[in-house]
Amino acid sequence: MDISVGEIAALVGGSVTGEPALRITGLSGVKEAQAGDLTFLGNRKYLAYLETTGASAVLVSTDFESAATGASARKERAFIRVKNPYLAFVQVVQRYAKGPEAYHPSGIHPTAVVGRNVKLGRDVALDAHVRIADGCVIGDHVVIYAGVYIGHECRIGDHTVIYPNATLREGVTVGARCIIHAGAVLGSDGFGFIPMNGAWLKIPQAGAVVIGDDVEIGANSAVDRATIGSTAVGRGTKIDNLVQIGHNVEIGEDCVISGMTGLAGSVTVGNHVAIGAQVGVADHARIGDGAMIGARSGVISKVEPGRVVSGHPLMDHKQELRMLAGMRHLPQWSRRIRDLEQRILALEEELRGKSEDHS
Amino acid sequence: MDISVGEIAALVGGSVTGEPALRITGLSGVKEAQAGDLTFLGNRKYLAYLETTGASAVLVSTDFESAATGASARKERAFIRVKNPYLAFVQVVQRYAKGPEAYHPSGIHPTAVVGRNVKLGRDVALDAHVRIADGCVIGDHVVIYAGVYIGHECRIGDHTVIYPNATLREGVTVGARCIIHAGAVLGSDGFGFIPMNGAWLKIPQAGAVVIGDDVEIGANSAVDRATIGSTAVGRGTKIDNLVQIGHNVEIGEDCVISGMTGLAGSVTVGNHVAIGAQVGVADHARIGDGAMIGARSGVISKVEPGRVVSGHPLMDHKQELRMLAGMRHLPQWSRRIRDLEQRILALEEELRGKSEDHS
Amino acid sequence: MDISVGEIAALVGGSVTGEPALRITGLSGVKEAQAGDLTFLGNRKYLAYLETTGASAVLVSTDFESAATGASARKERAFIRVKNPYLAFVQVVQRYAKGPEAYHPSGIHPTAVVGRNVKLGRDVALDAHVRIADGCVIGDHVVIYAGVYIGHECRIGDHTVIYPNATLREGVTVGARCIIHAGAVLGSDGFGFIPMNGAWLKIPQAGAVVIGDDVEIGANSAVDRATIGSTAVGRGTKIDNLVQIGHNVEIGEDCVISGMTGLAGSVTVGNHVAIGAQVGVADHARIGDGAMIGARSGVISKVEPGRVVSGHPLMDHKQELRMLAGMRHLPQWSRRIRDLEQRILALEEELRGKSEDHS
């Protein structure tokens, strides 16, 4: 890239303080930015870096104080004022940064092994050592990286990208424009056993997995197939790395599930739900639309729509903050309760003594 | 499938309320069931779905009230009464649902690469891009999916299935009838280092992994090899997805270990132990036969046989439930203790005042 | 191996109690050791095994009581006294145990697929079904196991080993003498989205991953690429299995991060930091040099250098131990506080009554 500050301002709808003719040749975080780079100030915490950054231009919010701008403005640095600096930066990145598309394989590599009755769409890319089993339907412009396994009768929607060494077992459906990251496993057996004479009888996992459009599944995450019916992830939902989705889970649309979170079997999650990292959700729990679950929470049963909860035990998020503060004081409370008990005993004895005096 | 309700009743040893001639053409959960489907009512929580389900037949328990049956019984729906409806349903699924066996690869794919001195049993299936290193012994009817790596001198028992992109490092022994799910890693190095002049000296991990018969290892789980000796998983034990088993761990028979649980190095687990999801077990901890560990617990040292424990800190499960209930009240306790302290101070001063009055 | 106890003592710089001519033919843990084996006593907890072990020689510390030695010393058992028995045992293992090097593949397997403009160093091993994309630079003596994917323009330092089915996405740099375990994913997209009209706009993840020399990354762990700039893991740092390293995380040198721990985006970790298992570190948190974080802790913001902390909420480790002890008493505290309130109320009423009497 080699464009002027003025051109960037035009792209993001911002106004320039400083020299609009300055040339921008790179994009960077505020800490690492060098001369020629565009960066952004998305969070006041990073204000101090303005003094040390080498950036030639900084996207700042419209209410950014001119004093601060002035202090760090120099001939060789411009500011571009926009409503949302981070979003504006993303727009520039989307336009000018070399994205992963630049590295996607293309064509059908001769070492890819495709089964019988497979329908491949237009411009499908199958990299080396891909294995596609019988009866699959692969949409247009689908990109499948090396080492991916696609089981029998899977369906992959248009423009979906599947990164290396991911596994889709038989009967998995993935929508359009999805991203399945490296090492992810879709359609592994649900974890279901019945105790039988001291051993465990395996419950056949005969169901499917259905992933909607525009879904992202993180690296080394696992989505189990349903026992009967389908494990479902709704349109637009984004799932981070090392997440476990149990059998017969149903997740709605436009949810965000952070890393290392686990949803046990038959959990239902509404639309627009945000679940933090390292959360555990017990089997058959139900999370309503728009709920937010803080990181490391334990969800046992039900979360009403729109609630903001966290903790283990789960509670209103603000209540949890108070509870966590309280926990720090537990050791001294023990002392204080014991002290109260001694003092009250002393009072009781003194009063009883007085009563006897009076009698 | 296309069989009558009467034939199903005969298979599971149940009695029919309604029309035994009704045809069943599918199997489904009670929520999703359509006309022609058999479903089951395994849990009273799902009773309400009886009114809305489209199922043509429902497996219910023998003590299911005839009133409820009557209410939702119609010409086009039959009930089959059995002792354990879920188990009966599993029997029908095992008999009629198309299981994963239908999709197993067969034969030796020409792209599979087999090393020297490998003994392959009868009817072994090696799918595309399988790699088997030198000196392995693979039993009869073993199925190895695409992209699996089997390291030097591994031994795989009869009828074991290994799903795509799983890795068995050198010297791993797996019993008969095991299922190793996609992406699982057996025999990775144990995590052992010695501090040495400010850096970490790697302790060679020269041991093995030994998995008994009828074991299941979940997707993207990892079982580390021993430093010296063997990491061992006993016959019949079932391990869920994303579980970590550290070096030199010894797990007994017929245990169940749920998803995202981690056992650190040298942990020993007895027989018939159940460990919930997201549990952490510290190194060298010992869990006795038949113990049950609730989800998200932290096990530091020892759990006696047969105990039912949970929590972090670990305690009797019923005690933990009371403790969790108590935690919700922590913030108000702080207030109540402070209030008590003020009131008792007031009393003490008042009494002291009185004493002075009397003097 | 077949060497004498005396030769081992010479190797580790120890002194022999017993017969230096005894032959040692194997290495084993104290529990499993048989006649002919060398073992070690690294921890007093295992002292009891000295009575039952079959080992022919035991490495013990120089201050080991001669009484204990005498009690279990016999004609067929020798003791070797050293400063650090475990370290001495490791030295013997390093010298005599058959390590993984014995099983490394060698040469370029004909099924390996190497892209354009790839520079391969001397003595590189590429096993079956390896895929190396265009523009990579692979150092001397690098070993890449079957099924590994190396994306465009990656750089791998000399003597690094990458185990089966690991994935390195485009633009990942790995130093010399690193070990990347099976199923690990380096360079997956960071998890970043911006809310936009009720859906989630993907933030392009255009950065890189830079791994220093002598780093180890565990099985099925994931290290996300940076949004802009680099996710960095410093020289000598060891990362266990199933660990998540978020985008733009910066980890210093010689750190140890145990299994199932997650570092969210933009976390910075100093040098010589030890993080226990199943820890969660929130985005932008900063952990200072030499800090130690106990297993299962939750780190929200900042840990000062050298501190030893644990728990959730995070606190001084000793304070957490007291807090955990206190938590067990929570249910009875509820009772004790209620009891205090009743007794103080009774006292207040009694005093008020007296006051009225006096008036």
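Throughout, a chain's letter reflects where its sequence line sits, starting with A, and its residues are numbered from 1. Model, not experiment: these values are computed from the prediction. Only heavy atoms go into these numbers, but all of them, side chains included; no hydrogens, no water, no symmetry mates.
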Q: Check whether Gln278(B) gets within reach of chain A through its side chain, its backbone, both or neither, counting any heavy atom under 4.5 Å.
A: side chain
Q) With only heavy atoms counted, which part of Ala264(A) is less than 4.5 Å from chain B, the side chain, the backbone, both or neither? A) neither
(Q) Take a 6.0 Å sphere around CE of Met323(B) and say whether it holds more than 12 heavy atoms from other residues, nucleotides or ligands. (A) yes
Q: Please look at Glu216(B) and chain A and tell me whether the side chain, the backbone, both or neither of the residue comes under 4.5 angstrom of a heavy atom of that chain.
A: side chain
Q: Over 60° means perpendicular and under 30° means parallel, so classify the ring planes of His129(A) and His109(A), tilted if in between.
A: tilted
Q | Choice from Arg322(A), His284(A), Arg343(A), Met315(A) maximising heavy atom contacts with chain B below 4.5 Å | A | Arg343(A)
**Q.** Ser230(A) portion near chain B, given a 4.5 angstrom heavy-atom threshold
**A.** neither
Q | Which portion of His329(B) sits near chain A, non-hydrogen atoms under 4.5 angstrom | A | neither
Q.
Just so I understand: if I count every heavy-atom pair under 4.5 Å between each of Glu320(A), Glu153(A), Arg225(A), Gln205(A) and chain B, which residue has the most?
A. Glu153(A)
Q: Answer yes or no: does atom CZ of Arg336(A) have more than 12 heavy-atom neighbours from other residues, nucleotides or ligands under 6.0 Å?
A: yes
(Q) Is Ala182(B) close to chain A through its backbone or its side chain, or both, or neither, when contacts mean heavy atoms under 4.5 Å? (A) both
Q | Option in Asn220(B), Leu347(B), Val90(B) with maximal non-hydrogen atom pairs under 4.5 Å from chain A | A | Asn220(B)
Q: Identify which part of Val130(A) has an atom lying under 4.5 Å from any heavy atom of chain B, answering side chain, backbone, both or neither.
A: backbone
**Q.** Interface moiety of Arg328(B) toward chain A, non-hydrogen atoms closer than 4.5 Å
**A.** both
Q: Against chain B, label Leu321(A) side chain, backbone, both or neither, depending on which of its atoms sit under 4.5 Å from a heavy atom there.
A: neither
Q: Count the heavy-atom pairs under 4.5 Å between each of Lys202(A), Met260(A), Gln319(A), Met327(A) and chain B, then report the option with the highest count.
A: Lys202(A)
Q | Region of Glu250(A) in contact with chain B, defined by heavy-atom distances below 4.5 Å | A | side chain
**Q.** Among Val256(B), Ile179(B), Leu340(B), residue most engaged with chain A (heavy-atom pairs, under 4.5 Å)
**A.** Val256(B)
Q: With a 4.5 angstrom heavy-atom cut-off, could you sort out which part of Pro105(B) is near chain A: side chain, backbone, both or neither?
A: neither
Q: Side chain from CB out, backbone as N, CA, C, O: work out which of these in Leu242(B) comes under 4.5 Å of a heavy atom of chain A, or both, or neither.
A: side chain
Q. By a 4.5 Å heavy-atom criterion (distance strictly below it), what part of Leu345(B) contacts chain A: side chain, backbone, both, or neither?
A. both
Q) Considering only heavy atoms, which portion of Asp214(B) lies under 4.5 Å from any heavy atom of chain A: side chain, backbone, both, or neither? A) neither
(Q) Does the plane of the ring in Phe40(B) sit parallel, tilted or perpendicular to the ring in Phe89(B)? Use 30° and 60° as the thresholds. (A) tilted
(Q) Is Ile344(A) in contact with chain B via its backbone, its side chain, both, or neither, using a 4.5 Å heavy-atom distance? (A) both
(Q) Less than 4.5 Å to any heavy atom of chain A: does that hold for the side chain of Thr39(B), its backbone, both, or neither? (A) neither
Q | Leading residue by heavy atom contact count with chain B [cutoff under 4.5 Å; candidates Asn248(A), Ile337(A), Asp189(A), Val243(A)] | A | Asp189(A)
Q: Can you see which heavy atom on Tyr163(A) is nearest to which on His181(A), and at what distance?
A: CD1-ND1, 3.7 Å
Q | chain A contacts, top residue of Ile239(B), Asn271(B), Asn84(B), Thr111(B) (heavy-atom pairs, under 4.5 Å) | A | Ile239(B)
Q) What part of Ala128(B) gets closer than 4.5 Å to chain A, counting heavy atoms only: side chain, backbone, both or neither? A) both
Q. So which part of Tyr103(B) gets closer than 4.5 Å to some heavy atom of chain A, the side chain, the backbone, both or neither?
A. both
Q. So do the side chains of Ile257(A) and Ile251(A) get within less than 4.5 Å of each other, counting heavy atoms only?
A. yes
Q: Measure across Ile217(B) and Ser221(B) and return the closest heavy-atom pair with its distance rounded to 0.1 Å.
A: CG2-CB, 4.0 Å
Q.
So for Glu170(A), is it side chain, backbone, both, or neither that comes closer than 4.5 Å to the heavy atoms of chain B?
A. side chain
**Q.** Most chain B-contacting option - heavy-atom pairs closer than 4.5 Å, from Gly198(A), Gly229(A), Gly171(A)
**A.** Gly198(A)
Q: Quick one: which of Asp339(A), Leu330(A), Val279(A) has the most heavy-atom pairs under 4.5 Å with chain B, could you say?
A: Val279(A)
